[in-house]
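Position 1 is the first residue of the sequence; numbering continues from there. Reckoned from all heavy atoms, side chains included, excluding hydrogens, waters and symmetry mates.
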Amino acid sequence: MIRISDILDRMAEHNPEADLSVISRAYVYSARIHEGKVRLSGEPYLSHPLEVAGILADMGLDVTSVAAGLLHDVVEDNHAALAEIGTLFGPELVHLVDGVTKISTLAFKSSKERQSENIRKMILAMADDLRVILIKLADRVHNMRTIQFHTGQKQIEIARETLDIYAPIANRLGIHWIKKDLEDLSFCVLEPEKYKQIEQFVAAGREEREEYVTHVKGVIEKKMAENGLPGKVSGRYKHFYSIKDKMARQNLRLEDIYDLIAFRVILDTVAQCYLALGIVHDTWRPVPGKFKDYVANPKPNMYQSLHTTVVGPEGSRMEVQIRTWEMDKVARQGIAAHWSYKEGGRVDEKTKRTFAWIQNIVEHHKDIKDPKEFLDSVRIELFPDEIYVFTPAGEVIALPQGASPVDFAFAIHTGVGERCLGAKVNGRMVPLKHVLKTGDSVEIITQKTPRPSKDWLSFVKTAKARNKIRQWFKAEEWERALALGRDMCERTFRRHKQSLGAALKSEDLGRVLGELGQKSPDELLASVGFGKLTSLQVLRKFVPREELAPGKEETTGLAGPRKGEATVYVRGMDDILVRFGKCCNPVPGDPITGYITRGFGVTIHRANCRNAEGLDPERRIEVSWGGEESRAFPVRVHVEGKARTSLLSDISGVISKMRYDTLDLQMRTGEGNFVDIYLTVSVPGTDHLDRVIRAILKVPGVEKARRVSR
């Protein structure tokens, strides 16, 4: 276990003038809070915050960050009050600890929702102070290094989250060593057999490869010396996850991976780097299309280097990276290499601009409430592979792989995206779903009025484009629902000789809004338009039933059952219009879900209905069956059998004998002597349907009978 003295020595080496007393005090406080606690490994719990603080010290972070590393678990695991930490250590340290602390006291409906909210809080905190995510990454690195002490399922859950969220964040921040460690540690848990296979393959030829590395290093060093280029040459193995990823992307076998080793040349100046590139290309033949200049065009995470692949000794391909010492520091440490925090200060403006994508994540995802949608959207935002395209003015725009001109339009400005009509790529008109590639010059053709298309959602790749398109249609649906709800209420009020306008200006408005759970008159009317409320419900809240003038009552479905009728309970709603989806024909006994439709109440679908799975999660609502099973529901049944003269009449007779109605009956002749029969039978529930299917299966010649959707 690392000792506090080791951490203090490292901090003193980085910054001899720093006041290290806050680290010492944080250590004493953490030791007191965690006293007597042990980790799953059996080690004292204090070993974990010490290791996290040690990682942060190695990264060269400031005193406050390292102290926060020592304290990052005291609130979550011991319910220590943030106010107490604030009193002892100040508001800056409290902010960092609170940002890293998981949400452990709130009640969530699912583990997915808990994960979503933890990550949402972390992203919000890191947008305000980047140190939050650096502490969290250090925490995750040590947790992954000791993951073997968790149960198998817990290991898989932690490793999957690490690979999906934390490794991409480390990559976006340019901290390559953390990205590499997290990927390899996750890979070992998630695919242990494949990991071991790669490990054994690399180990089997290590001695031969070491000789190869020594030979190539000697050749490069000799060439550099001959040209007066002082520098360092090294060879390294690619990490296992990158080997596995390359095999998957290029559909290669392990035996086909030849460039397991990459060589790195580190020099003093940029000019020397380009000169060294020429020497390497003069020594070995470069592979066409495998040169990347990240010096002239740095990655968004500030990474700079020249990458080239050449055909080296023995005819095998090898990658050579060439960079300056400063570039190498950034490549290893990412944002930590550009750290400009002073005690009580903030990161410099240049670094803030470089990492503006963090603020973009906050802006693009703040309105997403569905946990699955939020996590999927964040993964897209963090996806590591990017392309670089140009505006007509020459500005570089970074987009994810597979991005379209629509993604480009929204990246320029939301207004440009909403008014996008067409696009030119390299001067040529292309479809809006055209896949862009690095180096493309893109020009967007706009129209005067905004008019996005829902079809765009099928191909856009950026979270901003997807969320802005959805928001536009939600706003449009709101306006339509508001107009529809107002019209429905006005007609109902007039029919009962009442005035909607007078009601909305009356003293009763506040009471009615509160009773119906609405925040404003517009929200009340829109809820009627969406079908969340009926106009008659609204009327009766303003005017008691006995005071209403005689008028034609509205026909509605029921949220509660009438005697002798199977119906549906809609959570939190009374007297709501209910319809049943014709795509899946739910019957009592089926697991069901509800979907609020504009102007038509709630539509009921079977829970596994494909149409229901694609619906807006914000418009889903919990529903359940209620009442008695006397009402009949249509269900479609597919029967397969051998053709014979009386097959149809025998099937109809069986159903009729059971006193169920056959609403429709069709027969199609198939290959050979087989027929397909589609019939619609009216039954009160799934138990009745099961009896019908069992009876049909007993009819001579019938081989299969099953329920189907339309």
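Applying the side-chain hydrogen bond (donor to acceptor under 3.5 Å, both in side chains) criterion to Glu199, with sequence neighbours excluded, gives no partner residue. The side-chain hydrogen bond (donor to acceptor under 3.5 Å, both in side chains) test applied to Ser47 returns no partner, not counting sequence neighbours. Take Arg511 and apply the side-chain contact (heavy atoms from CB on, under 4.5 Å) test, not counting sequence neighbours, and it matches Asp508, Glu515.
Distance alone, capped at 3.5 Å, is enough to place a donor-acceptor pair between the Gln155 side chain and the His150 backbone. Panel note: side chain Asn467, backbone Ala463; a donor-acceptor pair is recorded below 3.5 Å. Side chain of Arg466 to main chain of Val460: a donor-acceptor pair is present (N/O by atom type, distance under 3.5 Å, no hydrogens or angles). Counting only distance, with no hydrogens or angles, the side chain of Arg25 and the backbone of Leu88 share a donor-acceptor pair below 3.5 Å. Under the 3.5 Å distance criterion, the side-chain polar atoms of His413 are matched with a main-chain donor or acceptor of Gly415. Side-chain N or O atoms of Ser30 include one that pairs as donor or acceptor with a backbone N or O of Leu70 at under 3.5 Å. A distance-only check finds a donor-acceptor pair linking the side chain of Thr87 to the backbone of Ala83 [under 3.5 Å]. With hydrogens and angles ignored, the 3.5 Å screen pairs no side-chain donor or acceptor of Asp98 with any backbone N or O of His95. Between the His72 side chain and the Gly69 main chain, a donor and an acceptor come within less than 3.5 Å of each other.
Checked for salt-bridge contact, Asp407 and Lys464 miss the test: no charged N lies under 4.0 Å from a carboxylate O. Salt-bridge formation is not detected for the pair Lys468/Glu418: no Lys NZ or Arg NE/NH1/NH2 atom is positioned less than 4.0 Å from an Asp or Glu carboxylate oxygen. Ion pairing of Arg145 with Glu51 is absent here, as no side-chain N (NZ or NE/NH1/NH2) approaches a carboxylate O to less than 4.0 Å. In summary, Arg131 and Asp62 engage in a salt bridge, as defined by a charged side-chain N under 4.0 Å from a carboxylate O.
Ring centroids of Tyr195 and Phe240 are separated by less than 6.0 Å, placing the two rings close together.
Of the residues Thr64, Val94, Leu71, the one that meets the side chain to side chain contact (heavy atoms under 4.5 Å, CB included) test with Phe89 is Leu71. Each of Asn171, Ile169, Leu137 was compared with Lys179 under the side chain to side chain contact (heavy atoms under 4.5 Å, CB included) criterion, and only Asn171 meets it.
Between the side chains of Glu319 and Gln321, at least one donor N or O sits under 3.5 Å from an acceptor N or O. No side-chain donor-acceptor contact under 3.5 Å links Arg160 and Ser186.
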